[in-house]
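Read the structure below first, then the notes.
Throughout, protein chains are lettered first and strands after them, A, B, ... in sequence-line order, and every chain is numbered starting at 1.
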Amino acid sequence: MADLKTNLLGFVMNSPVIGASGTVGYGVEYEELADFSKIGGISGKGLTLHGQYGNKGERLWETPSGLINSIGLQNPGVQHFIDVELNEMLELKQKYGTVAIANLGGHSEEEYVEGAALLSESAVDIVELNISCPNVKVGGMAYGVKAEAAGEVVRMVRAACKKPLMVKLSPQAENIPEMCKAVEAAGADAISLTNTFQACAIDLEKRKPVFNNIFAGLSGPAVRPIALRMVWQAVGAVNIPVVGLGGIATGRDALEFIMAGATAVQVGAANFANPRAMETIADEMAQWMDAHGVKTLEEIRGCARNAE
Amino acid sequence: MADLKTNLLGFVMNSPVIGASGTVGYGVEYEELADFSKIGGISGKGLTLHGQYGNKGERLWETPSGLINSIGLQNPGVQHFIDVELNEMLELKQKYGTVAIANLGGHSEEEYVEGAALLSESAVDIVELNISCPNVKVGGMAYGVKAEAAGEVVRMVRAACKKPLMVKLSPQAENIPEMCKAVEAAGADAISLTNTFQACAIDLEKRKPVFNNIFAGLSGPAVRPIALRMVWQAVGAVNIPVVGLGGIATGRDALEFIMAGATAVQVGAANFANPRAMETIADEMAQWMDAHGVKTLEEIRGCARNAE
Amino acid sequence: MRAACCEATVLSHESILPDIRLLRALWPDREHAPHAGQFFTLRAWGADEAPFLSRPISVHKWEPETQTIEFLYQVIGEGTHKIAQLKTGDTFQLTGPMGNGFDIPALAEQYHKIAVVGGGIGTAPMYQVTRELAAAGVKPDVFFGFRDTPYCMEEYRSIANVVKVSTDTGAVGFHGFVTQLYDPADYDAVLICGPTVMMKNAARICAEKGTPCFVSLEKKMACGIGACLGCTCETKGGEGKSVCKNGPVFDATEVFF
Amino acid sequence: MRAACCEATVLSHESILPDIRLLRALWPDREHAPHAGQFFTLRAWGADEAPFLSRPISVHKWEPETQTIEFLYQVIGEGTHKIAQLKTGDTFQLTGPMGNGFDIPALAEQYHKIAVVGGGIGTAPMYQVTRELAAAGVKPDVFFGFRDTPYCMEEYRSIANVVKVSTDTGAVGFHGFVTQLYDPADYDAVLICGPTVMMKNAARICAEKGTPCFVSLEKKMACGIGACLGCTCETKGGEGKSVCKNGPVFDATEVFF
Ligand SMILES: Cc1cc2nc3c(=O)[nH]c(=O)nc-3n(C[C@H](O)[C@H](O)[C@H](O)COP(=O)(O)OP(=O)(O)OC[C@H]3O[C@@H](n4cnc5c(N)ncnc54)[C@H](O)[C@@H]3O)c2cc1C
Ligand SMILES: Cc1cc2nc3c(=O)[nH]c(=O)nc-3n(C[C@H](O)[C@H](O)[C@H](O)COP(=O)(O)OP(=O)(O)OC[C@H]3O[C@@H](n4cnc5c(N)ncnc54)[C@H](O)[C@@H]3O)c2cc1C
Ligand SMILES: Cc1cc2nc3c(=O)[nH]c(=O)nc-3n(C[C@H](O)[C@H](O)[C@H](O)COP(=O)(O)O)c2cc1C
Ligand SMILES: Cc1cc2nc3c(=O)[nH]c(=O)nc-3n(C[C@H](O)[C@H](O)[C@H](O)COP(=O)(O)O)c2cc1C
Ligand code: FES
Ligand code: FES
């Protein structure tokens with residue numbers, strides 16, 4: 001049987017399949033639905049220093065093979081997370097070994113730093129710095145576009161945070177390789193990409209944009225080929241691990257990212273079409289590996305780059 | 001009955017629906033399949049000064065609600081186009097009124113200028129300058145990313161070309177509004193966007209990228225929400241007409257672009273799923289308009305921006 | 001007890017009206033039995049097929065002995081059209097039970113005169129509600145409003161005290177709004193499911209009369225289990241609650257304010 | 001005469017082998033009649049459903065009197081699986097005829113001893129080819145290779161001179177390659193459709209013996225009508241040709257070099 005064990009920043013995960021931030025709550029919500037022993041980790045819903053309600057108006061919109069969301073980082077705040085939700089994540093970890101990842105957003109550099117400092121003192125395993133949320137008007141996104149701005153905020157967070165730091169990139173980055181290099185240079189331990197793609201939908205009957213913010217974030221299988229391209233670029237640009245995501249819905253999808261060089265993968269929107277998507281993806285990866293005589297992911301990680 | 005007549009750069013088209021470059025040959029290929037009296041114009045296959053074979057290896061790959069292509073601007077060259085294919089386009093125009101658009105790519109500024117100068121002397125109606133093809137290694141793409149580079153090449157082509165000039169943008173542009181402003185300032189008469197999205201696919205069995213160039217261009221309904229967002233940004237950034245495209249497959253899709261402010265739309269990949277897509281889209285637009293008491297496109301063009 | 005995700009089998013599938021269907025399915029998971037006001041998400045198409053999201057439908061009736069669940073639903077768009085294609089013996093993806101539902105034991109203990117109010121397809125969950133109330137010893141009065149043609153009303157006679165119907169067209173029963181059928185002052189509590197305007201109206205009248213009112217809300221849902229925050233509704237406290245997890249049933253004063 | 005896009009009706013649909021199907025459909029467009037070696041694209045699913053592209057299938061048999069077209073195809077992946085679901089009376093999107101096909105009148109006039117060679121599902125177009133050749137007065141010799149089990153061979157007896165079969169497993173007929181069944185030197189022309197390696201091999205032997213050889217190529221196709229340049233094959237001249245429009249039938253020396 002193929003061994004899916006995956007070492008991410010020193011944590012040995014049961015599989016490379018991580019629940020993507022914002023789609024799996026803090027893990028417990030899915031506990032009875034999926035076999036967590038096959039899930040590598042959970043990235044919790046994106047946090048901001050202070051809790052917030054998120055966006056008003058429409059929050060979800062279906063598109064061909066995709067979903068646009070405009071949640072707007074609704075969350076209970078970092079301290080509440082540490083007091084309550086983190087403990088649930090750690091219980092899951094104890095039971096199943098799922099690595100606990102805190103996803104941190106922010107509206108200013110100060111907020112990022114303060115939130116990261118709090119998480120630094122918590123029992124969370126990894127901090128995923130979200131510099132890429134397209135759904136908050138101020139902040140988030142700005143850092144996701146310009147490499148210098150991203151490097152700056154990562155440097156400040158790095159200084160404030162002793163936890164392994166994974167920086168989550170936006171597909172709106174002006175230049176993916178430069179962005180990757182900037183966050184690596186600023187002290188990131190890993191990179192995850194991509195967050196959602198800035199998108200728009202118009203409600204014909206109302207003759208106005210579906211979302212109050214006009215733009216919102218597209219994800220799901222529709223974006224997978226673009227996300228895979230960006231992951232390919234990221235792996236080529238840096239020496240730190242790259243966690244790939246964007247539209248992964250099957251074991252074959254996940255293996256494409258692994259063959260492009262990703263250390264692990266995250267699964268977001270696919271959880272909505274199949275609540276057992278994460279488990280199914282891990283199973284399908286193992287099946288493919290078994291059928292092809294591949295024993296560990298090391299044997300195939302990055303193999304598609306050999307011809308490069 | 002709703003009137004779909006659309007004025008694009010002085011040409012009154014039967015409908016706002018234009019066949020997108022590279023997907024409808026030079027029009028004649030589709031003549032027996034679709035009712036051309038409902039089609040506004042045809043943008044011919046992308047030309048380069050000298051004819052070229054295009055890319056070797058896999059050229060087509062299906063993805064969820066999308067298609068990745070790596071044609072690589074196979075074309076007979078500008079002069080051959082003027083001597084042969086343009087005449088076919090003009091025959092169509094005579095029969096049905098479909099505006100003849102020449103799509104021009106290039107590998108260097110000199111090539112762009114030389115090609116544009118030849119087209120300037122031809123009987124073509126509009127020149128669509130493709131500064132955005134993701135499938136040619138040198139050129140094309142470079143101009144599509146940086147606003148200054150784009151402005152520069154548009155300025156040179158503008159000087160060499162008396163024809164109405166529509167500049168076709170890439171979704172890989174670092175900054176869509178800045179890009180739009182740069183090409184407007186450089187003399188573009190209209191903007192069309194988007195071209196295909198740079199994407200990647202990996203063949204698991206071969207354990208290598210599907211395409212020889214590793215990356216190729218994604219289009220089809222999958223990308224529509226992103227393309228619509230960019231078209232929204234473009235309309236907000238410039239005062240010249242914007243022609244929207246990317247994943248349009250139904251009348252409703254086309255109307256979203258019109259409500260975002262697009263003057264006309266182009267239809268690409270959808271022609272492959274339904275050879276009568278262009279005609280069907282025009283019919284569906286008219287049906288929606290009839291059902292909603294909308295008599296002309298002017299009544300609704302850009303209406304979704306009113307709340308802005 | 002959280003939700004399970006199972007392959008359910010269609011036992012029967014009836015057309016009640018041109019756009020109304022009654023789907024009976026075998027719910028294989030005995031451990032996850034639903035109660036009144038809860039819902040399931042249904043998916044009668046592949047994970048890779050449109051629509052992207054599964055569709056939430058309330059429990060119309062649940063028979064624990066036979067593990068049979070009934071869904072009463074309206075065919076509206078792509079998702080319900082695909083569900084409507086299911087034939088006896090077909091299987092489909094069923095996830096649930098989800099949501100808090102109505103807390104029938106608590107309601108039956110606290111209140112003695114209960115009005116069950118439904119509008120249109122919002123009557124769907126009210127059958128299980130009425131049954132459970134009756135079983136708990138509190139036969140409610142039932143007031144349903146429809147546009148033109150009432151449906152699935154037969155079985156209420158034995159489990160309700162009173163059953164009254166209104167229609168917008170006057171075709172059947174009282175010609176007018178369902179809210180005109182009863183006076184909240186006569187009741188200890190009012191339970192409502194229907195179009196948002198109707199619920200808001202009914203809740204306002206209840207508030208005026210000081211009668212506790214519980215409403216079952218609808219929001220577009222992605223996960224159905226409180227994980228995505230796609231279905232958040234505004235609450236008086238301002239913090240927002242997930243309709244799928246903290247609801248769909250809310251004290252009306254919490255969500256209409 | 002270019003292609004038309006019509007809704008075609010299934011007249012019958014047979015399983016020949018577990019993965020081989022024979023689909024008979026009514027092609028409504030009399031003006032666009034196909035000939036041997038041409039193909040249609042089939043779409044038994046919505047324009048908004050996967051797979052994105054329609055699937056090209058050759059004309060196995062065309063009966064002008066009844067406007068009946070037959071497709072013999074192998075169920076391989078998503079597209080052919082969906083086509084395989086079609087039942088008698090169903091309609092589907094059929095576009096064609098496409099491609100040059102074999103120029104039977106010219107072939108029959110120029111050549112008198114013709115070998116028709118097919119490999120596996122590559123035999124599908126060869127039935128119409130053989131019929132048209134016979135009708136033009138040149139009954140060909142037919143040589144087909146299969147992996148294990150030949151299919152749809154019965155009707156060749158009356159329209160071919162000789163019919164010989166080889167199988168990879170030796171289960172039926174000659175145990176070996178189809179190229180071992182005949183000597184190109186005995187023929188004025190060889191017409192081939194089958195796996196690329198097989199065609200290349202056969203074409204090489206023909207070239208050695210100086211026998212003209214025509215091959216029917218396969219390439220992934222998007223438009224099928226020469227508009228997208230997705231199906232370009234390399235040609236001796238270097239300019240590249242569209243398999244869908246300039247082919248699928250080529251003089252072997254043009255494409256295998
Ligand atoms: C908790 C709950 C219980 C429900 N119970 C019933 C019931 O018992 N009987 C019944 O007929 N209907 C019920 N509904 C409504 C039902 O979910 C929608 O009618 C259905 O989703 C429409 O889907 P569609 O694809 O057919 O139509 P669409 O055209 O896709 O959508 C029509 C409308 O349905 C709603 N809708 C669409 N997708 C979703 C989604 N993923 N989640 C929630 N709402 C959505 C939206 O308001 C949308 O505008 C319930 C909804 C909720 C939230
Ligand atoms: C001109 C022509 C005539 C053909 N005639 C026949 C025939 O008579 N009988 C028959 O069984 N098969 C025929 N084929 C092959 C048939 O088109 C493929 O088997 C079919 O497209 C497979 O689709 P799928 O979705 O089932 O499998 P997939 O798993 O999607 O694809 C399997 C393989 O089929 C080919 N293929 C996929 N999509 C296309 C496409 N859009 N265009 C062309 N090839 C594609 C590719 O090589 C792919 O690797 C013909 C192909 C061509 C080009
Ligand atoms: C409903 C929803 C909420 C999300 N919330 C967050 C978030 O809070 N923080 C974050 O970094 N990403 C968030 N994302 C982005 C996902 O984590 C992921 O990056 C993106 O959806 C792409 O992956 P997918 O295609 O597998 O969904 C959210 C996505 C969705 C669909
Ligand atoms: C097969 C194919 C070939 C294309 N060739 C060209 C081209 O030569 N020049 C160009 O500007 N765009 C080309 N495009 C891009 C389309 O014109 C269009 O911009 C893109 O496909 C997005 O539209 P769609 O989603 O409707 O296909 C091509 C697209 C496809 C699918
Ligand atoms: S639907 Fe996901 S939180 Fe309610
Ligand atoms: S398939 Fe489009 S040119 Fe051949």
Side-chain angles (χ1 to χ4, degrees), chain A residues 19-34 42 44-46 51-77 80 210 219-222 247 249-250 253 268-277 279-281, chain C residues 1-7 29 31-33 40-56 77-80 82 92-99 218-246:
Chain A
S21 179
T23 66
V24 291
Y26 297 100
V28 281
E29 289 82 354
Y30 277 93
E31 188 182 356
E32 285 205 15
L33 282 170
I42 292 291
K45 173 64 196 173
Q52 60 185 39
Y53 174 82
N55 293 334
K56 300 202 171 178
E58 194 77 52
R59 285 190 173 192
L60 298 169
W61 196 256
E62 292 164 291
T63 70
S65 301
L67 177 73
I68 314 184
N69 88 80
S70 180
I71 310 297
L73 286 184
Q74 178 184 346
N75 80 95
H80 190 281
V210 164
S219 68
T250 68
D253 299 344
N271 292 302
F272 306 146
N274 174 12
R276 288 209 282 245
E279 163 190 347
T280 308
I281 289 167
Chain C
M1 186 66 68
R2 296 213 178 79
C5 174
C6 296
E7 200 170 87
D29 192 331
E31 314 254 289
H32 295 82
F40 285 77
T41 59
L42 285 73
R43 192 174 192 96
W45 54 94
D48 57 348
E49 286 170 350
F52 196 82
L53 302 174
S54 304
R55 296 297 191 242
E78 194 178 10
T80 49
K82 288 198 174 173
F92 63 104
Q93 182 187 288
L94 192 55
T95 309
M98 290 163 167
E218 273 193 24
K219 271 270 183 181
K220 209 178 277 179
M221 293 179 177
C223 72
I225 55 173
C228 75
L229 308 180
C231 67
T232 305
C233 66
E234 292 180 52
T235 52
K236 200 159 69 184
E239 80 289 18
K241 292 215 167 162
S242 294
V243 171
C244 69
K245 189 181 161 183
N246 308 121

**Q.** Any donor-acceptor N/O pair, A/R59 side chain to C/L229 backbone, under 3.5 Å
**A.** yes
Q: Pick one of side chain, backbone, both or neither for A/Q74, based on which atoms fall under 4.5 Å of a heavy atom in chain C.
A: both
(Q) To the closest 0.5 Å, what do you measure between NE2 (C/H32) and CD (A/E32)? (A) 4.0 Å
Q | Pairwise distance CH2(A/W61) to CG(C/L53) - rounded to 0.5 angstrom | A | 12.0 Å
**Q.** Proximal component of A/A277, with respect to chain C [non-hydrogen, under 4.5 Å]
**A.** neither
Q: Could you give me the CA-CA distance, side-chain angles and deciding distance for C/E7 and A/R276, then say whether salt bridge (Lys or Arg N to Asp or Glu O under 4.0 Å) is met?
A: CA-CA 12 Å; C/E7 200 170 87; A/R276 288 209 282 245; over 6 Å; no
Q | C/T95 OG1 to A/L33 CG distance, which is reported to the nearest 0.5 Å | A | 6.5 Å
Q) Which atoms of C/C233 come close to chain A, meaning under 4.5 Å heavy atom to heavy atom: side chain ones, backbone ones, both, or neither? A) backbone
Q) Stepwise, does the salt bridge (Lys or Arg N to Asp or Glu O under 4.0 Å) test hold for A/E58 with C/K220? A) CA-CA 9 Å; A/E58 194 77 52; C/K220 209 178 277 179; 3.3 Å; yes
Q) Do you know which two heavy atoms are closest between C/Q93 and A/P275, and how far apart they sit? A) NE2-CD, 3.6 Å
Q) Which region of C/A222, side chain (C-beta onward) or backbone (N, CA, C, O), has a non-hydrogen atom less than 4.5 Å from a non-hydrogen atom of chain A, or is it both or neither? A) both
Q: Give, for atom CZ of C/F52 and atom CG of A/L60, the distance between the pair rounded to the nearest 0.5 Å.
A: 11.0 Å
(Q) Between A/Y26 and chain C, with a heavy-atom cut-off of 4.5 Å, which part of the residue counts as in contact: side chain, backbone, both or neither? (A) neither
Q. Do C/M221 and A/F272 come close enough that some side-chain heavy atom pair is under 4.5 Å?
A. no
Q | Minimum-distance pair of heavy atoms, taken over all atoms of C/A47 and A/A273 | A | O-CB, 3.6 Å
Q. Which region of C/T232, side chain (C-beta onward) or backbone (N, CA, C, O), has a non-hydrogen atom less than 4.5 Å from a non-hydrogen atom of chain A, or is it both or neither?
A. both
Q. What residue, out of C/A50, C/C223, C/C231, has the most heavy-atom pairs lying under 4.5 Å from chain A?
A. C/C223
Q | Contact class of C/E239 relative to chain A, heavy atoms under 4.5 angstrom | A | backbone
Q. Which bit of C/E49 is near chain A, if near means a heavy-atom gap under 4.5 Å: side chain, backbone, both or neither?
A. neither
**Q.** Distance (rounded to the nearest 0.5 Å) between A/N274 CG and C/C5 SG
**A.** 6.0 Å
Q.
Give me the atom names and distance for the closest heavy-atom approach of C/A227 to A/T23.
A. CB-O, 3.9 Å
